Amino acid sequence: MTERSDYTDSRGYGDRGSRRDRYDRYDRGNDRGYDRGERSERGYRGDGGRGYDRGGYDRDNRGGRGYDRDRDYSDRRGYDRGNRGYDRGNRSYDRDNNRGYGDRREGNREGRYDRDNRGGRGYDRDRDYSDRRGYDRGNRGYDRGNRSYDRDNNRGYGDRREGNREGRYDRGYGRDRGYDRDRRGQGYGRDDRREGRRYDKGPRTGTLSDLVDYLHVLDNRPYGAYRDTIGHYRATEGWTLHVDYVQPDPYAPPTRIRIQAPADLPGLKLLQDADLLSTRDRRIAVSDFLTRELHRGFRGTNLSIAAPGQEILERCSVIVSTPSDDALDGDAQSDAAAAAAADTDGSPAEDGQDSAVVDLFTVLTESEEGDAAEETTAPAEDTDTDTADAFAAAIGSTQTADPEEVAAPATDTAAESASSPASAASAADAEADADDADAPGADADNERKAPAGVIIEIRARVALPARGRTIRGREAANIFSHDLTREVNAALDLTGERAERLLEHVATLEDHRALTQAVLDNGWVSFLADDSILPRRSGVSNAPMEEGAVPLSAPDSLAATVTLPHAGEVRGTAIGSGVTLVVGGGYHGKSTLLSAIERGVYPHVPGDGRELVATVPDAVKVRAADGRAVTGVDLTPFISHLPGERDTASFTTTNASGSTSQAASIVESIEAGASALLLDEDTSATNLLIRDARMRTLVSDDQEPITPFVDRVGALAEAGVSTVLVMGGSGDYLDVADRVLLLDSYVLHDATERAAEVAAAQPRETTALADFPMQSPRVPLPSQRTQRGPVRTRARGTDSLTLDREDIDISDVAGVVDSGQAEAVAYALRALLEQRFDGESTLAECLEDLDALLDDEGLDALDRRPAFLVRPRMVDVAAAVNRYRRLKLA
């Protein structure tokens, strides 16, 4: 070995470009027994082997690593190592650059790297780099020689792609890999794909068949290519499919789609004939019915829609919108329903039913008889491509449409003008226009003027199929061309047996609304019609018991009669205001009766058995809930003092006991506006309900801070809040009950007189209090996100909500009966906390504003185009607010 070079630093390393200082490579080659310059037996020759002419490893000519700088170095690794840019002999790493690597060997530490001297990490700008890996490195867009990492760029990367950043990135892969990004829209630029149709990338418009064809083209592509399907597509039947969001990978939430159908489709003629869009309640019933039809049809497919329960609720899975919503919403309760509900003396209503709601089922026969005449007198209606194109242009899509696709004929201008606010007609004008359409000579525009602008929007999800992370395009095409088309066309065909079920659905909702109005008008708490089936199939099923159920029959002393728009005269049990005690043996139906009253705040589907059970809409069931949060609640009506001199006038805890939590729920429900409380002894804290004479003697009032509910329930009734209580273990409530219902093997009896006799025969010391202190209005403070992390707003069934990292237990909130309601409560809670609470308005005022907002804008006010939300009651939203552990009060 030779002596160390003069060009050495403190560590003994010399100039790497002249590295004889460490050991002489020539000598080292000889010492090893082979001459590196003569290494032909290993194939290291300039004209063979690996393609390197090592030149005897002439380190002076290696260029930092001994590779001949004159070589092209299109070797197996594709790197021009001779010009790798490190220039090891001159690796000065100018510290002027932000990375801070200075000239570690020459003392120049002004920056970290001298990027200009780095040469883009040594990639020769003049090199071609077209190696066996298929990357045309000279055209890869990175321009490695120009990889200067321009720090002016936000991400710290320079113009790696020569300034072409119109899209997210221009990968610029060479043709060898088959991805010509400039021609990706034309079938990805591959020779083996050019025989198919070529499509433009990005949001698209066209027909449903175009989407199907494109999905075939995407077969076996990377899953992210599904995003190119975002857009809207017309079906030949007249409805339009919107693909709003595409899942980024197979494990992400499903793709969001919408179907928008005009109400003038042939299968939807019933909506006009039966006037099913004239009131808010009828539109809710139509939406709920279509949701159920689609949910039944989507089973076993990749499609999904909100799963409905036994209640008819306002949902956003199907939305029926009309241009005259503002005029119609004010008439949410029809005059017929109000007039019929007011008549409760058993006499039939004289002219009490409006012509709009008289026996909806007659519409079927009338429409069948008139169909033939209409076909001969009315001009043929064009429902082909032109009508569909005009509708796609009129629905206000955010996608850019092809002018040739959305151009509408001149005869469709009436539909376009009808969709504008200035041309929105009132209900009376619509009826008059419909009459004019039947006249001889009426054109197609007049014939469709009544439902013009009415849109039925279906919001659903689809799980796009994949094989690993590869698109299964043919299966996806089958979903849209067969499954979706078949089920949507079937649901929108409101004829025959489906039409009869729809009319029954609407009639059931309207009867329940009228019955609820009768309950309110008469000051009752609830009404349960005779022959109602109250028992459920099982503890996990809300469906009616199929065999062995005993129909409900009202005792004569509690019987009342109401007249409903469709059901006519109905007899049932009327539970009045005040204190109602439900007693009986175990397993005889006490809790079943209370559950029916509890669910009576909602209308039920035909066949549920509880269709004609109605309760005041703001009734709340309260129960003990160990561990719940309580914030600033006045518990003095039930808890006078606590150990440690803790204040009960504004009580706050994150872990309440059973009695404390139930006392707080009673006070909170009254503050939220509840006019009726429902309690079951099985789910209540015993020490809050009763305290008998013996226990009062043993534990004096000074030692017992709890005032039992039995002492307050009478005063609460005087204040206007009624109570229905199931009690089977204590007779103390017999003294304060206004009526006592006895259940014996599911047979209802009036035991009020008998209870009074028992109470008189076995008197007890009167402990009832005369007043009930009301909660002072609480003023919540706004709450903004302060924690880092993902934004989460979701629900898990009907038991729990999640706001970011906070879980809220609502399992004791009995009014939340649908998972969509729980999710809507979560969004409502976030809206209140971050937008409505201002530190000045009371909780009741904020809830009132939220209710008005949902009346005006629907559930879309809570989220952007939600598909699974169901409208909740404000008393249930208040319950979630009260259980939020981070709630702050002014």
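A quick note: this is a predicted structure, and the numbers were derived from the prediction, not measured.
A heavy-atom distance below 4.5 Å is found between the side chains of Arg459 and Pro866. With contacts defined as side-chain heavy-atom distances shorter than 4.5 Å, the pair Thr205/Tyr233 does not qualify. At a threshold of 4.5 Å between non-hydrogen side-chain atoms, the residues Trp239 and Leu492 count as touching.
Ion pairing between a basic and an acidic side chain is recognised when a charged N comes within 4.0 Å of a carboxylate O; Arg472 and Asp219 show no such pairing.
A distance of 14.5 Å separates CZ of Arg474 from CD1 of Ile479, quoted to the nearest 0.5 Å. Separation of atoms CG (Asp210) and CG (Leu215) is listed at 11.0 Å; rounding is to 0.5 Å.
No side-chain donor from either of Ser783 and Arg886 sits under 3.5 Å from a side-chain acceptor of the other. Side chains of Ser317 and Thr291: a donor-acceptor N/O pair is present below 3.5 angstrom, by distance only. A side-chain N or O of Thr802 and one of Asp807 form a donor-acceptor pair less than 3.5 Å apart. Residues Gln260 and Thr240 have side chains that never bring a donor and an acceptor to within less than 3.5 angstrom of each other. Checked by atom type, the side-chain pair Tyr602/Gln310 shows no donor-acceptor distance below 3.5 Å.
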*Could you walk me through whether Arg234 and Thr207 pass the side chain to side chain donor-acceptor pair (under 3.5 Å) test, one step at a time?*
CA-CA 4 Å; Arg234 303 185 317 275; Thr207 64; 5.8 Å; no
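Not counting sequence neighbours, Thr485 has no partner by the side chain to side chain donor-acceptor pair (under 3.5 Å) test. By the side-chain contact (heavy atoms from CB on, under 4.5 Å) test, Glu857 pairs with Leu853, Ala861, sequence neighbours left out.
Within the structure, salt bridge (charged side-chain N to carboxylate O under 4.0 Å, His left out) contacts touching residues 300-321 (residues at least two apart or in different chains) are Arg280-Glu314, Asp288-Arg315, Glu311-Arg599, Glu314-Arg871, Arg315-Asp818.
Between Val506 and Arg282, the closest heavy-atom pair is CG1-CG, 3.9 Å.
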